[in-house]
Amino acid sequence: MTSPVRLALLGCGTVGSEVVRLLHEQSTDLAARIGAPLEIVGIAVRRLGRDRGALPVDEALFTTDALGLIKRDDVDVVIEVVGGIEPARGWLVEALRAGKSVVTANKALLAEDGAALHDAATEGRADLYYEASVAGAIPLLRPLRDSLHGDRVNRVTGIVNGTTNFILSAMDATGAGFAEALEEATELGYAEADPTADVEGFDAAAKAAILASLAFHTRITAADVHREGITEVTAADVASAKAMGCTIKLLCIAARGRDAAGSETVSVRVHPAMIPLTHPLASVGDAFNAVFVEAEAAGQLMFYGRGAGGAPTASAVLGDVVAVARNRLAGVRAASESAYADLAVRPMGEALTRYHVSLDVADRPGVLASVAGVFARHDVSIATVRQGSAGGGRPGSGDDAELVIVTHVAPDAALAATVGELHGLDIVRSVTSVLRVEGEA
Ligand SMILES: NC(=O)c1ccc[n+]([C@@H]2O[C@H](COP(=O)([O-])OP(=O)(O)OC[C@H]3O[C@@H](n4cnc5c(N)ncnc54)[C@H](OP(=O)(O)O)[C@@H]3O)[C@@H](O)[C@H]2O)c1
């Protein structure tokens, strides 16, 4: 058989240790599929003495010198499952420039500075694969990067963070508040000790940037993504969504649009939103991920599965390793980044969506007309109004009342101006929540 394709593994934690296990368990099949065996020649970690269980690998392969490992002449492919911006960026740029193929799961780095990696890959004529960086085991990037290259993607809507989907699903199922659902997620191992990256939407925003870059052939970074997390979502919001036949999900939405001059643009945003129970993403529960792609000729496509976890993520890593190993043996390289469209990123203020606004108002005659007047002044058309008694008193009794207003589609800036003016009205005690509503009602 042909001489082995030699791998340097950077990181041997949750994902890395599963990569080692799968490489060992499936070595015969992988060799047959590639046409050459795969061989790990070194594993870089931070702590040499760490207990990693019974990994099927020689202890002598471990090193703390990642850069030294990458530079070795006997390394063909570098697998990076460490994470973070530095030193990972320096390592991968070094490897790619030296013509070594890279497989990485590092969404943070790709979203922050994917350009540095793509440029280095072009310079070194090396492959850069990163299927595991978005939605774990779900084959999603290669369908966008390859299978849909003959089509025109118009919109990508996804649930790409398992932790927040678990929390919102638990709130929906039990009526629990955010803090209680987060506690349950932490106990069950779905949320990290510091859940900020997940609950504040940073993780989803990084994935949104990667998806949008591939879908729209434009370099999008995490800084281009409008981001809101789920910490403000209340049990009352979830109940209100239910009353409307909706559920609340943290969505990543990347869509084509046009600016005032008619030029094509792209908008990329991550925020909680109500979606109708009939929407394909509404039934994605627990910590699952799903991405809904709308393309011109293909129509609607749905990708669903486990978006995280050691083994599912390692599955995506190994798929990429097989692809780059085959390319090396064939002496070819995959098509590089396609950013030719270079679309302008539309500001969030111009994003069009519907809104669900809850207000605590004085229960007096004329209040509804005053509130409706504010919406009209900002050209935000009201679709439905529901009125209840906030304090449990009789409507018209002078107690506070609750107004729930759902609008037709309006620009985000117009809604923000509406809410700003509502805050200033003396009849409005508080604007208790503002949520976007996505999908057809
Ligand atoms: N976990 C998931 O479900 C998942 C899903 C999709 C993508 N990802 C991505 O996969 C990557 C790895 O995630 P993970 O969950 O496997 O992380 P992890 O469990 O924290 O493992 C990180 C590994 O990197 C090593 N490391 C850290 N700093 C290092 C340094 N300076 N030099 C050499 N090695 C270093 C650590 O060494 P020690 O073992 O010695 O500490 C550890 O082995 C991240 O980019 C993450 O975003 C993870």
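Indexing begins at 1, ligand by ligand and atom by atom, following the structure's order. Given the structure is predicted, the values throughout are model-derived calculations rather than measurements.
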Mind checking whether [X] contacts ligand 1 via backbone (N, CA, C, O), side chain (CB onward), both or neither, at a 4.0 Å heavy-atom cut-off?
| X | value |
| --- | --- |
| W91 | side chain |
| S133 | neither |
| R47 | both |
| T313 | side chain |
| A66 | neither |

Could you find the nearest protein heavy atom to [atom] and give me its residue, atom name and distance?
| atom | answer |
| --- | --- |
| atom 25 (C) of ligand 1 | G11 CA, 4.0 Å |
| atom 44 (C) of ligand 1 | G83 CA, 3.7 Å |
| atom 21 (O) of ligand 1 | G13 CA, 3.4 Å |
| atom 43 (O) of ligand 1 | C12 N, 2.8 Å |
| atom 3 (O) of ligand 1 | G309 N, 2.7 Å |
| atom 38 (P) of ligand 1 | R50 NH1, 3.4 Å |
| atom 10 (O) of ligand 1 | A105 CB, 3.5 Å |

>> Exactly one of V103, T313, L38, L23 should register a side chain to side chain contact (heavy atoms under 4.5 Å, CB included) with L318. Which one does?
In response: L23

>> Checking side chain to side chain contact (heavy atoms under 4.5 Å, CB included) between Y190 and each of D198, N165, D286, I167, which is the one that passes?
In response: D286

> So which heavy atom on G257 is nearest to which on R346, and how close?
Replying inline: CA-NH1, 2.9 Å

> How far apart are the closest heavy atoms of C12 and R52, and which atoms are they?
Replying inline: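 Scanning both residues completely, I find the closest heavy atoms to be O-NH1, 3.1 Å.
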
> Does the pair D412/R436 count as a salt bridge with the N-to-O cut at 4.0 Å?
Replying inline: yes

>> Any salt bridge linking D224 with R219? Criterion: basic side-chain nitrogen under 4.0 Å from a carboxylate oxygen.
In response: no

>> Against the six-membered ring of Y129, is R145 placed for a cation-pi contact (under 6.0 Å from the centre, within 45° of the normal)?
In response: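 Judged by the rule (NZ or CZ under 6.0 Å from the ring centre, within 45° of its axis), R145 counts as positioned above Y129.
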
Verify whether one side chain among [X] and [Y] offers a donor that lies under 3.5 Å from an acceptor in the other.
| X | Y | result |
| --- | --- | --- |
| E402 | S358 | no |
| D194 | T196 | yes |
| D237 | T234 | yes |

Can you figure out which of [options] has its heavy atom closest to [atom]?
| atom | options | value |
| --- | --- | --- |
| atom 15 (O) of ligand 1 | L110, I43, D203, T14 | T14 |
| atom 17 (O) of ligand 1 | V82, D65, T64 | V82 |
| atom 7 (C) of ligand 1 | R52, K107, E192, R306 | K107 |
| atom 12 (C) of ligand 1 | V81, V45, L9, D51 | V81 |

> Between V15 and ligand 1, does any nitrogen or oxygen pair lie at a separation below 3.5 Å?
Replying inline: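 Looking only at distances, the answer is yes, because the N/O contact criterion of under 3.5 Å is met.
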
>> Side chain or backbone, does R46 bring an N or O within less than 3.5 Å of an N or O on ligand 1?
In response: yes

> Less than 4.5 Å apart, any side-chain heavy atom of L281 and any of K249?
Replying inline: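 In short, these two side chains do not touch, never coming nearer than 4.5 Å.
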
>> Any non-hydrogen side-chain atom of T104 less than 4.5 Å from a side-chain atom of S133?
In response: no

>> Give the atom numbers and elements of ligand 1 that come within less than 4.0 Å of a heavy atom of A132.
In response: 6 (C), 7 (C)

>> Distance under 4.0 Å to a non-hydrogen atom of A308: what atoms of ligand 1 satisfy this?
In response: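 Matching atoms, with element in brackets: 3 (O).
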
